[in-house]
Amino acid sequence: MIFDKMVEFDYEQLVFCHDETSGLKAIICIHDTTLGPALGGCRMWNYETEEEAIEDVLRLARGMTYKNAAAGLNLGGGKTVVIGDAKKDKSEAFFRALGRYVNSLNGRYITAEDVGTTVADMDLIYQETPYVCGMSESYGTGGNPSPMTAFGVYMAMKRTAKEAFDDDSLEGRTIAVQGVGNVSYSLCRHLHEEGAKLVVTDISQEAIDRAVNDFGAKAVGIEEIYDVEADIFAPCALGGVLNDETIPALKVKAVCGSANNQLLEEDKHGELLQQRGIVYAPDYVVNCGGVINVADELQGYNKERAKSKVEGIYDQMDKIFNIARRDRITPAVAADRLAEERIESMMRVKSTFSQNEITPLSRR
Ligand SMILES: NC(=O)C1=CN([C@@H]2O[C@H](COP(=O)(O)OP(=O)(O)OC[C@H]3O[C@@H](n4cnc5c(N)ncnc54)[C@H](O)[C@@H]3O)[C@@H](O)[C@H]2O)C=CC1
Ligand SMILES: O=C(O)CCC(=O)C(=O)O
């Protein structure tokens with residue numbers, strides 16, 4: 001059963017980690033290391049079943065292979081899921097036990113933050129392994145990657161606006177934002193500063209109030225966000241929000257947001273958006289600013305260099321939209337092709353023997 005799933009999308013390794021003292025139950029998944037060591041964050045979530053956790057880690061790890069490839073990084077794809085309540089189950093022992101498991105993979109996998117984990121958690125993991133990014137800035141790293149993710153989403157949104165409206169200015173545009181958490185609050189600041197009008201929703205009243213007070217956003221209900229008459233819809237909370245129910249309701253010309261895995265079924269729902277004349281900005285290209293930022297740490301973190309790479313998301317989106325138009329495919333399919341072609345061509349390059357293999361880790 002599990003091997004069937006691994007064979008379907010050619011996964012390399014799935015590691016189950018248990019530590020009785022701390023109660024750690026984690027699964028590390030390495031999808032593909034053609035481009036380099038697998039880098040992807042550690043998600044902590046109260047999964048109802050083990051099957052759900054396995055499904056999630058497989059899906060997220062494969063997503064990282066595509067994200068890292070499309071971002072031009074010399075890194076493969078992997079991810080960790082930790083089964084537990086991020087508000088109750090964390091302890092020093094918990095993350096140090098996880099750090100030891102990450103270390104045991106000897107650099108095949110590098111971890112970082114994801115939903116439910118923080119810079120402080122990465123600091124604990126760093127006590128046990130060098131194969132972690134996104135620790136406190138006092139270690140000479142980039143710290144919390146969310147502001148850089150947000151800057152990348154902003155760049156992607158500008159290029160998406162150009163595709164939809166033939167003008168990349170967001171001044172006067174109405175953006176419907178789903179979720180105003182870490183990434184999205186920073187994104188809203190960029191949008192507000194450019195003069196966009198914001199309509200927001202969140203399950204947290206505190207998050208809504210902050211956006212209303214700081215950016216003059218208009219608040220709407222959780223389900224109402226799909227019906228808002230706006231220029232762009234920005235999903236910045238959950239995966240699977242673009243589906244049979246929501247796509248017909250949308251009253252926007254484009255979708256561009258930070259959430260991972262926005263299309264419930266990639267081909268079907270990418271097509272459905274296209275049929276409705278809605279420009280879709282592929283999520284993993286839009287939100288790769290965070291991983292670009294943490295990956296920069298592997299070369300000795302330089303904020304200006306990282307920011308300039310994240311700014312390049314505008315040009316990457318340009319390439320994807322042009323391929324999509326030229327080949328009459330959806331932008332989601334165009335992004336996948338770009339990532340797959342890079343992995344294929346690098347595989348051929350790497351088939352030549354080299355005595356001094358250079359990986360991001362050899363610069364540490
Ligand atoms: N933090 C980062 O650097 C990166 C984040 N992402 C993705 O971006 C998304 C947001 O990440 P963060 O801002 O870090 O997370 P976060 O947890 O800080 O923010 C998510 C926000 O969405 C809200 N929310 C949850 N369910 C909702 C619902 N049904 N309707 C409306 N709002 C809801 C939460 O209350 C929270 O305010 C996630 O999907 C994450 O995987 C992707 C790449 C990097
Ligand atoms: O941004 C990070 O902290 C790590 C990368 C990652 O897991 C992601 O981009 O989803």
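Indexing begins at 1, ligand by ligand and atom by atom, following the structure's order.
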**Item:** For ligand 1, the portion of I225 having any non-hydrogen atom under 4.0 Å away
**Value:** neither
**Request:** Look at ligand 2 and say whether G134 reaches it with a heavy atom at a distance under 4.0 Å.
**Result:** no
**Prompt:** So which protein heavy atom does atom 37 (O) of ligand 1 come closest to, and at what separation?
**Reply:** D202 OD2, 2.7 Å
**Request:** Decide whether a cation-pi geometry holds between K307 and F151; the criteria are a distance under 6.0 Å from NZ or CZ to the six-membered ring centre and an angle within 45° of the ring axis.
**Result:** yes
**Item:** ligand 1 contact on R43 by region, counting heavy-atom pairs under 4.0 Å
**Value:** side chain
**Asked** Taking distance alone, with no angle check, do K79 and ligand 2 share an N/O pair under 3.5 Å?
**Response** yes
**Prompt:** Looking only at protein heavy atoms, which one is nearest to atom 43 (C) of ligand 1, and how far off is it?
**Reply:** N287 O, 3.6 Å
**Prompt:** Do E92 and R96 sit within salt-bridge range, that is, some charged N less than 4.0 Å from a carboxylate O?
**Reply:** yes
**Item:** V82 to Y47 - nearest heavy-atom pair and separation
**Value:** O-CE1, 4.1 Å
**Item:** atom 10 (C) of ligand 1 - nearest protein heavy atom and its distance
**Value:** C236 O, 3.3 Å
**Message:** Under 4.0 Å from atom 17 (O) of ligand 1, is there at least one protein heavy atom?
**Reply:** no
**Item:** Identity and separation of the nearest protein heavy atom to atom 2 (C) of ligand 2
**Value:** E113 O, 3.6 Å
**Element-labelled atoms of ligand 2 that are located less than 4.0 Å from some non-hydrogen atom of N260** = 10 (O)
**Item:** Polar side chain donor-acceptor pair, Q178 to Y226, under 3.5 angstrom
**Value:** yes
**Prompt:** Tell me, which protein residue and heavy-atom name are nearest atom 38 (C) of ligand 1, and how many Å apart are they?
**Reply:** A237 O, 3.5 Å
**Prompt:** For atom 2 (C) of ligand 1, which candidate among N144, I203, N261, V183 holds the nearest heavy atom?
**Reply:** V183
**Under 4.0 Å to a heavy atom of G181 - the qualifying atoms of ligand 1, by number** = 13 (O), 18 (O), 19 (O), 21 (C), 37 (O)
**Asked** Is a salt bridge present between K251 and E229, judged by a nitrogen-to-oxygen distance below 4.0 Å?
**Response** no
**Item:** Identity of the nearest option to atom 14 (O) of ligand 1, non-hydrogen atoms only, from V241, T117, L238, N182
**Value:** N182
**Prompt:** Taking NZ, NE, NH1 and NH2 as the nitrogens, is one of them in E163 or R159 under 4.0 Å from a carboxylate oxygen of the other?
**Reply:** yes
**Request:** Starting at CE of M6, measure out to CG of L58 and round the result to the nearest 0.5 Å.
**Result:** 7.5 Å
**Fill in**
Here the atoms of ligand 2 under 4.0 Å from any heavy atom belonging to V291 are 1 (O), 5 (C)
**Request:** Provide the number and element of each atom of ligand 2 under 4.0 Å from a heavy atom of D114.
**Result:** 7 (O), 10 (O)
**Request:** Return yes when M148 approaches ligand 1 closer than 4.0 angstrom through a heavy atom, no otherwise.
**Result:** no
**Item:** Polar proximity ligand 1 side, K67 side, N/O cut 3.5 Å exclusive
**Value:** no
**salt_bridge(R43, D114) N-O dist < 4.0 Å** = yes
**Asked** Should the ring pair Y11 and H31 be called parallel, tilted or perpendicular, given that the plane angle runs from 0 to 90° and is split at 30 and 60?
**Response** perpendicular
**Asked** Is the shortest distance from a Lys or Arg side-chain nitrogen in D19 or R100 to a carboxylate oxygen in the other one below 4.0 Å?
**Response** no
**Complete:** Of all protein heavy atoms, the one nearest atom 41 (O) of ligand 1 is N260 ND2, 3.1 Å
**Prompt:** Can S169 and D167 be counted as having a side-chain donor-acceptor contact under 3.5 angstrom?
**Reply:** no
**Asked** Which ligand 1 atoms, with their elements, are less than 4.0 angstrom from a heavy-atom of V115?
**Response** 40 (C), 41 (O)
**Item:** Residue pair Y154 / E194, side-chain donor-acceptor N/O under 3.5 Å
**Value:** yes
**Prompt:** Which atoms of ligand 1 sit under 4.0 Å from any heavy atom of S258?
**Reply:** 6 (N), 7 (C), 8 (O), 9 (C), 10 (C), 42 (C)
**Request:** Check ligand 2 against G290 and write out every atom of the ligand that is under 4.0 Å from a heavy-atom position of the residue.
**Result:** 1 (O)
**Prompt:** Under 3.5 Å, is there a donor-acceptor pair between the D32 and Y66 side chains?
**Reply:** no
**Prompt:** Taking distance alone, with no angle check, do G41 and ligand 2 share an N/O pair under 3.5 Å?
**Reply:** yes
**Message:** Show me which atoms of ligand 2 lie under 4.0 Å from any heavy atom of A112.
**Reply:** 3 (O), 4 (C)
**Complete:** Among non-hydrogen protein atoms, atom 9 (O) of ligand 2 lies closest to K67 NZ, 2.7 Å
**Item:** M64 heavy atom under 4.0 Å from ligand 2
**Value:** yes
**Item:** Evaluation steps, side-chain contact (heavy atoms from CB on, under 4.5 Å), between F95 and T117
**Value:** CA-CA 10 Å; F95 283 104; T117 58; 4.2 Å; yes
**Message:** Between R348 and E344, does any NZ, NE, NH1 or NH2 come within less than 4.0 Å of an OD or OE carboxylate oxygen?
**Reply:** yes
**Request:** Pick, from L60, T149, V291, the option with the minimum heavy-atom distance to atom 3 (O) of ligand 1.
**Result:** T149
**Message:** Would you say D244 and H269 are linked by a side-chain donor-acceptor pair, where the criterion is simply a distance under 3.5 Å?
**Reply:** yes
**Prompt:** What part of I222, side chain from CB on, backbone N/CA/C/O, both or neither, has a heavy atom under 4.0 Å from ligand 1?
**Reply:** side chain
